[in-house]
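All remarks here apply to the structure that follows.
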Amino acid sequence: MKKALYKNTIDSRRSCPIKKKVLVTRKPPEHVLKELKNHFEIDLWDSEEDKIPRDILLKQIEEVDGVLCLLTENMNKEILERGKNLMVISNLAVGYNNIDVNGASEKGIMVTNTPGVLTETTADLTFALMLATSRKLVEAANVLREGKWKTWSPMFLTGMDIHGATLGIIGLGEIGAAVARRAKGFGMNMMYYNRTPKPFLEKEIGIQYVSKEELLRNSDFVCVLTPLNKETENLITKKELNLMKKTAILINTSRGGIVNEQDLTEALSDGVIWGAGLDVFDQEPISVHHPLLKLSNVVALPHIGSASIQTRTKMWELAAHNLTIALSGGTPPHLVNK
Ligand code: DGY
């Protein structure tokens with residue numbers, strides 16, 4: 001964070017620094033907290049693992065000029081109405097479907113996110129999930145640990161090849177493009193569907209623009225990488241799943257809500273598609289009793305797309321930076337509601 005920005009928090013009427021008040025809804029790394037404390041008076045929900053209770057969030061928001069929050073906080077109308085002094089909501093995520101952005105804009109509240117720094121890490125995880133699902137890695141590791149490995153057998157735990165297979169990416173944003181670059185290295189054929197075609201990426205990566213239907217019909221792996229919004233909610237339902245190959249695998253590392261979970265459960269149980277790798281769910285944490293978790297052709301992860309130490313640290317730094325700039329009178333680099 002640039003020191004010069006601190007000047008903006010000086011109230012010229014009193015010519016002494018006025019520290020704005022900020023709520024941080026989870027414990028940041030020490031160096032980030034220290035930097036924030038240099039600029040602001042901090043209200044901290046001092047836990048790494050537990051989310052801030054709703055009643056505390058509702059109460060604290062009344063007091064603060066800015067909030068650095070996580071995707072676990074539903075920053076809806078109720079919050080916006082209570083946050084009378086709120087100038088900025090800085091989200092520690094690239095996705096911001098947890099925030100009522102239109103409502104924030106109406107109230108002149110800036111909303112920021114953390115794109116870029118998590119692109120490669122999330123693409124790595126997406127690819128890991130493709131490999132884990134297609135080659136049954138979780139099931140195989142469990143078989144071994146549970147003493148069920150009797151002998152080497154020709155068709156024992158056989159999966160689907162990635163090399164030579166066709167990958168269909170729904171949503172060719174930064175993460176989608178990073179996944180496609182990895183797929184190229186694995187010798188995959190690639191196609192994508194996006195709101196707007198991206199001819200420059202088609203050339204660079206060697207990926208072909210197709211309709212959603214064409215993608216679903218021809219892909220061996222369908223990777224969902226769009227943000228969740230009104231247009232993408234329930235983008236994949238029974239209808240879309242029925243278009244997919246029986247041997248296809250669906251991967252979702254974007255957001256729950258884009259893929260209809262009930263339809264997906266049925267499709268996986270009835271052999272409409274071969275498998276699914278999921279890092280995100282409608283309700284997080286997903287209940288351990290959820291029918292999806294009973295299926296052996298599902299690899300499910302607890303929303304760890306960007307979870308590397310390096311990337312999560314960078315996300316904290318960027319979220320703090322966005323917040324600091326916004327509260328210093330500047331335009332934060334990753335302003336969602338320009
Ligand atoms: C995001 O940033 O939106 C991810 O889901 C969390 O890594």
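Counting convention: from 1, in listed order, for ligands and their atoms alike.
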**Report entry** Test item: side-chain donor near acceptor, T265 and Q262, under 3.5 Å
**Finding:** no

Query raised in the report: For atom 2 (O) of ligand 1, which candidate among T253, V94, N113 provides the closest heavy atom?
Result: V94

Query raised in the report: If you count the atoms of ligand 1 from 1 in the order shown, which ones are under 4.0 Å from a heavy atom of L118?
Result: 2 (O)

Query - Check: G95 N/O within less than 3.5 Å of ligand 1 N/O - result: yes

Report summary line: Quick look: T114 vs ligand 1, heavy-atom contacts under 4.0 Å, and the answer is neither

When the side chains of residues 77-87 are checked against the rest of the protein, which donor-acceptor pairs come out under 3.5 Å, sequence neighbours left out?
| unit_1 | atom_1 | unit_2 | atom_2 | d |
| --- | --- | --- | --- | --- |
| E78 | OE1 | R54 | NH2 | 3.1 |
| R82 | NH1 | E62 | OE2 | 3.3 |
| K84 | NZ | E81 | O | 2.8 |

Query raised in the report: Can E120 and R182 be counted as an ion pair, charged N to O under 4.0 angstrom?
Result: yes

Query raised in the report: Is there a donor in the side chain of H31 and an acceptor in the side chain of E317, or the other way round, less than 3.5 Å apart?
Result: yes

Query - Presence of salt bridge, R26 and E49, under 4.0 angstrom - result: no

Query raised in the report: Can an N or O of R255 be found at a distance shorter than 3.5 Å from an N or O of ligand 1?
Result: yes

Requested in this report: For A93, counting its heavy atoms only, list the atoms of ligand 1 lying under 4.0 Å from any of them.
Outcome: 1 (C), 2 (O), 3 (O)

Query - Check: I304 main-chain N/O paired with D279 side-chain donor or acceptor under 3.5 Å - result: yes

Query raised in the report: Nearest heavy atom to atom 6 (C) of ligand 1: which of P115, S254, S306 does it belong to?
Result: S306

Report summary line: Atoms of ligand 1 under 4.0 Å from any heavy atom of L71, numbered from 1 in the order shown, are 5 (O), 6 (C)

Query raised in the report: Looking only at side chains, do Y192 and E202 share a donor and an acceptor under 3.5 Å apart?
Result: yes

Query - Contact check: H303 vs ligand 1, nitrogen or oxygen atoms, below 3.5 angstrom - result: yes

